[in-house]
J.: 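Please see the structure below; I have some questions.
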Number of protein chains: 2
Amino acid sequence: MKPIQHTQSSCRPVVEILDRISDKWTVMVVNQLGGRTMRFSELKREIDGISQKMLTTTLRGLEYDGLVTRTVYAVVPPRVEYSLTDLGRELQVPLMELGKWAIDNRDRMLAARDRFTERESTVR
Amino acid sequence: MKPIQHTQSSCRPVVEILDRISDKWTVMVVNQLGGRTMRFSELKREIDGISQKMLTTTLRGLEYDGLVTRTVYAVVPPRVEYSLTDLGRELQVPLMELGKWAIDNRDRMLAARDRFTERESTVR
DNA sequence: CCGGATCCCGGTCGATACTG
DNA sequence: CAGTATCGACCGGGATCCGG
């Protein structure tokens, strides 16, 4: 009968949600999709380094979670468009800040890595 | 000689940084570590579902990236303490907002999943 | 041709056991 | 207590095939 420490992190459910939204490709896709509607190939072109398989998987997950809408046009060649839902646009707010942090602090992280490596080589 | 579209997402470097900071366990560790210093076992206890291996790996990565400080006390039993650096505390700001979003919108995501599943079964 | 499904392979993750 | 070692399971990436 231990008292439950209700810190946010000791909850399995939160981990489960974080596992979906704090994924590298999820962050990239939601940030890229921001605002406007985009085609599959357009997303693939813009998001550097993503494989078509992972883009498909990520978009399916986002659709399942109600963050993205998928619209198929029965034309040839096929045309499939993706856009954020309301929930997706709300998620985009914290994700964009994360992306901004990444851009702003990249150099500091790289510098820290250099210091770490250098420190290691002097200690040994 | 194609013109470079300098949208944030088409930069490999940003993907590389995002890959490190938008990782499930990284988010959990930084959020848990917020403010105060913690021991290895304390982190392991608080972060639900993390394995000792992934905690070690994640902490090593965070140390390498200059986000966390690792302090070893030469006592027996061993005592190793971890705390956020200045850079880590700055990263914590967007990460906590992401965690907050996860908590606030969990139900909406679960509801969306139900709708998705239901829709699938009716279409078929 | 576009969007995506499938197969194979290599790397990563997790559980368990062991050590200073 | 705070890790390392090991091994099987799973996941991501690339190549290839396919349906409209």
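All figures in this text were calculated on a predicted structure; none of them were measured in a lab. A note on names: the letters A, B, ... follow the listed sequences, proteins ahead of strands, and every chain is numbered from 1.
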J.: Just say parallel, tilted or perpendicular for the rings of Phe116(B) and Tyr64(A), cut-offs at 30° and 60°.
T.: perpendicular
J.: To the nearest Å, give me how far apart NZ (Lys24(A)) and P (dC11(D)) are.
T.: 16 Å
J.: Of all the choices, dG3(D), dG19(D), dG4(C), which nucleotide is nearest to the side chain of Tyr82(B) once you look at every atom?
T.: dG3(D)
J.: When you measure from the side chain of Lys53(A), which nucleotide among dG3(C), dG14(D), dA2(D) comes out closest?
T.: dG14(D)
J.: OP1 or OP2 of dA2(D) sitting under 4.0 Å from any side-chain N/O of Ser41(B)?
T.: yes
J.: Can you measure Tyr73(B) atom OH to dA2(D) atom P for me and round it to whole angstrom units?
T.: 12 Å
J.: May I ask you to test the Ile47(B)-Trp25(B) pair for a side-chain heavy-atom distance under 4.5 Å?
T.: yes
J.: If you find the nucleotide of DNA chain D closest to Val75(A) and the one closest to Met54(A), which residue's nucleotide is nearer the 5' end?
T.: Met54(A)
J.: Expressed in angstrom and rounded to an integer, what is the separation of Asp19(B) atom CG from dG11(C) atom P?
T.: 16 Å
J.: Does dC11(D) have OP1 or OP2 under 4.0 Å away from a side-chain N or O of Trp25(A)?
T.: no
J.: Which whole-number value in Å describes the distance from Leu55(A) CG to dG13(D) P?
T.: 11 Å
J.: Choose from dG3(D), dA15(D), dA15(C) the nucleotide whose nearest atom is closest to any side-chain atom of Gln52(A).
T.: dA15(D)
J.: What integer distance in Å separates Asp23(A):CG from dC13(C):P?
T.: 12 Å
J.: Would you mind reading off the distance between Leu59(B) atom CG and dT4(D) atom C1', rounded to a whole angstrom?
T.: 15 Å
J.: Is it true that Glu90(B) and Arg108(A) have a side-chain N and a carboxylate O under 4.0 angstrom from each other?
T.: yes
J.: With respect to the side chain of Phe40(B), which nucleotide from dA5(C), dG3(D), dC1(C) is positioned closest?
T.: dG3(D)
J.: Closest approach to the side chain of Arg60(A), judged atom by atom: which nucleotide of dA2(D), dG4(C), dG13(D) is it?
T.: dG4(C)
J.: It should be established whether Arg70(B) places a side-chain nitrogen or oxygen under 4.0 Å from OP1 or OP2 of nucleotide dG3(D).
T.: yes
J.: Can you figure out which of dG3(C), dA17(C), dA2(D) approaches the side chain of Val80(B) most closely?
T.: dA2(D)
J.: Would you mind reading off the distance between Lys44(B) atom NZ and dG14(C) atom C1', rounded to a whole angstrom?
T.: 11 Å
J.: Can you tell me if Arg39(A) touches the phosphate of dG3(C), counting only side-chain N or O atoms and a distance under 4.0 Å to OP1 or OP2?
T.: yes
J.: Between dG12(D) atom P and Met28(A) atom CE, what is the distance in whole Å?
T.: 16 Å
J.: Checking side-chain contact (heavy atoms from CB on, under 4.5 Å) between Arg89(B) and each of Val93(B), Leu87(B), Asp86(B), Leu91(B), which is the one that passes?
T.: Asp86(B)
J.: Taking the side chain of Pro78(B) as its heavy atoms from C-beta onward, which of dG4(C), dA2(D), dG20(D) lies nearest to it?
T.: dA2(D)
J.: To the nearest 0.5 Å, what is the distance between CG on Asp19(A) and CD on Glu16(A)?
T.: 7.0 Å
